[in-house]
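So the structure is just underneath, and the comments pick up after that.
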2 protein chains.
Amino acid sequence: MQSSRGGATLTEQVVATIREAILNGKLEPGTLYSVYRMADEIGISRTPVREALLRLADAGMVRFERNRGFRVLRTSVRELQEVFQLRLLLEVPAAYRAAHLADEELRVKVRKELAAMQSAAIGHDENLFMAHDRALHELVLAASQNNKLVNSVRDLRFITMTLGASTVDRSRTLSDIADEHRPLVDAIENRDPNAAATAMHHHIVHTGQLLLEQLIKDGRDSSGLDPKWASSFTADVQFPGSYQIPQPLPNEQVGDSNK
Amino acid sequence: MQSSRGGATLTEQVVATIREAILNGKLEPGTLYSVYRMADEIGISRTPVREALLRLADAGMVRFERNRGFRVLRTSVRELQEVFQLRLLLEVPAAYRAAHLADEELRVKVRKELAAMQSAAIGHDENLFMAHDRALHELVLAASQNNKLVNSVRDLRFITMTLGASTVDRSRTLSDIADEHRPLVDAIENRDPNAAATAMHHHIVHTGQLLLEQLIKDGRDSSGLDPKWASSFTADVQFPGSYQIPQPLPNEQVGDSNK
DNA sequence: GGTCGGCAAGTAGCATGTTACTCTGTTAGA
DNA sequence: TCTAACAGAGTAACATGCTACTTGCCGACC
């Protein structure tokens, strides 16, 4: 079963294939796989498979074990916390800048993606929903005019999605998640950078908090988890002339997960 | 001339070898090289060389051209601007957190690195100086307790260093640069997060501004350069409850480079 | 029963072979 | 002189061969 993307190199196609396999659980974390067998299954030689896996290893998705095979890495609570901390540091300013620079084209596109998300939510098409969710976030990132930022966050969001697949989040319906993006889209429509940054902040903190709680409930080791992960990189107390974050709203539940 | 690191795989050694070759200018941007010849020169087979280059290609350091060879990429003004924007987004909060969490061990180490930088500056040993500069920044990043952040910034700093080698910066002596780190070290000593964040911010903005100006003076295409790159991801006007940056000091020259 | 040894299978890492392509220079044809 | 076909060298991408290592199994010995 060979992915039929014609344009790029075989290696790149394999990267995409393996990413998908990880996302939908066909490759499970912890199990030992081998380049030999994987190349056989795909029906190509070992080289492009190995090169694809090396790239994923570089991104922290898999690990090679000499003379034994490779494993898909199980994302730890600690790692996920780091991912969301980084996403806060990168995506919130990106949202700010996107709203600041927003032209009519961006506003139209963003509106369309949100609408597509909502209709996918109604149709309960999770894959389609995820695709539009991803597209919306990429639009905002791209609008920040910083390509390196876009690429960095892409990897981080992939890790998030990997866990979203395994830990089914039953606390939110797809419609809930779509609604959660509305303040962000509204802020971009209104070209209100502060509102966009705040909306993105709330969105990431909320998503991260739910995922972390879910992971811990599933019995994942939570040592090294900082209940204040979302604010630990910025001031708890506001101070003039330096980095600040939106203070958590009173009703925003944070860190009451590990009783 | 083979690097004699025994522990890791050949590929990893080659990555380090090529990185150094790029840093010290043995591999120059723009020139077309080939995996064949490079493998011959190092005295090993093509595979580990190719794998090493693929990793560097992933990090944006080189680019393969099918059936033609590979080039070391010339960092554009635009890219460098993006790098410094990202470094601001990541390293400033990291400095904040490092100062917040600083224990006696960190304070001692940081002090020692600064002293080593200064003595290397007096001895005009540029390589040694760079090594300690790098070590100091890594200490601060590591103290932020976020490994993914450390790794992200490592790549960004490497790009910066690549340009430091080609565009000789005569506006600052090594001692000047060392002195520029003193406020940061002091802030960590005093466990003053705000001061640490501010010091790191000034340091990165200053370094970035000088490098960008140097590049433009050297005739590099400056289209797409935003004179306000350092603040464009955050509010120009302070607002409560959202992201803010230290406002530029009155004497901080910003954006007067392209007349 | 329990321990040791060695044998076979399986692997990553590295080396080498193959293919289809790009580019350069040269020569045949106008 | 100019153009175009063509041959040859050189290459990345992909396929395959080789080696040293790890592991599990099985049978011999205590």
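In what follows, every chain begins at residue 1, and chains take the letters A, B, ... in the order their sequences are listed.
Between A/Thr11 and the phosphate of D/dC14, there is a side-chain N or O to OP1/OP2 separation shorter than 4.0 Å. Between C/dA12 and A/Arg50, no contact under 4.0 Å exists linking OP1 or OP2 to a side-chain N or O. Under 4.0 angstrom from either OP1 or OP2 of C/dG13 there lies no side-chain N or O belonging to B/Thr47. Within the 4.0 Å cut-off from OP1 or OP2 of C/dG17, not a single side-chain nitrogen or oxygen of B/Arg46 is found. For the OP1/OP2 pair of C/dT11 and a distance below 4.0 Å, the side-chain nitrogens and oxygens of A/Ser34 include at least one atom meeting the criterion. Regarding contacts with the backbone of C/dA20, every side-chain N or O of B/Arg66 stays at 4.0 angstrom or more from both OP1 and OP2.
For A/Arg19 and A/Asp155, the salt-bridge test passes: some basic side-chain N is under 4.0 Å from an acidic carboxylate O.
Among the atoms of the strands shown, only primed sugar atoms or phosphate atoms (P, OP1, OP2) are found under 4.0 Å from some heavy atom of A/Glu65. A/Arg63 comes within contact range of no nucleotide atom at all, as no heavy-atom separation falls under 4.0 Å.
Ring centroids of A/His132 and A/His181 are separated by 6.0 Å or more, keeping the two rings apart.
For the pair A/Leu54 CG and D/dA13 C1', the computed distance is 15 Å after rounding to whole Å. In this structure, A/Tyr33 places its OH atom 17 Å from C1' of C/dG10, rounding to the nearest Å. The CZ atom of B/Arg68 sits 10 Å away from the P atom of C/dT22 (whole-angstrom rounding). Rounded to an integer number of Å, the gap from OH of B/Tyr36 to P of C/dA15 is 14 Å. A straight line from CZ of A/Phe70 to C1' of C/dG10 spans 14 Å, rounded to a whole angstrom. Straight-line distance from the CZ atom of A/Arg71 to the P atom of D/dT22: 15 Å, rounded to whole Å. One can place CD of B/Gln13 at 13 Å from P of C/dG13, the figure rounded to the nearest angstrom. Here the P atom of nucleotide C/dC21 and the CG atom of B/Leu32 are 19 Å apart, to the nearest Å.
When the nucleotides D/dA12, D/dT22, C/dA12 are ranked by their closest atom to the side chain of B/Phe64, D/dA12 comes out on top. Listed nucleotides: D/dA15, C/dG10, C/dA20. Nearest to the side chain of B/Asn67: C/dA20. Side-chain atoms of B/Ile44 lie closest to C/dA15 of the nucleotides C/dT11, C/dG13, C/dA15.
Side chains of B/Glu82 and B/Trp229: no donor on one and acceptor on the other come within 3.5 Å.
Checked options A/Arg172, A/Met130, A/His206; the residue passing with A/Ile177 is A/Arg172 (criterion: side chain to side chain contact (heavy atoms under 4.5 Å, CB included)).
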Using salt bridge (Lys or Arg N to Asp or Glu O under 4.0 Å), reason through A/Glu20 and A/Lys26 one step at a time and then give a plain yes or no.
CA-CA 8 Å; A/Glu20 282 172 36; A/Lys26 284 178 187 167; over 6 Å; no
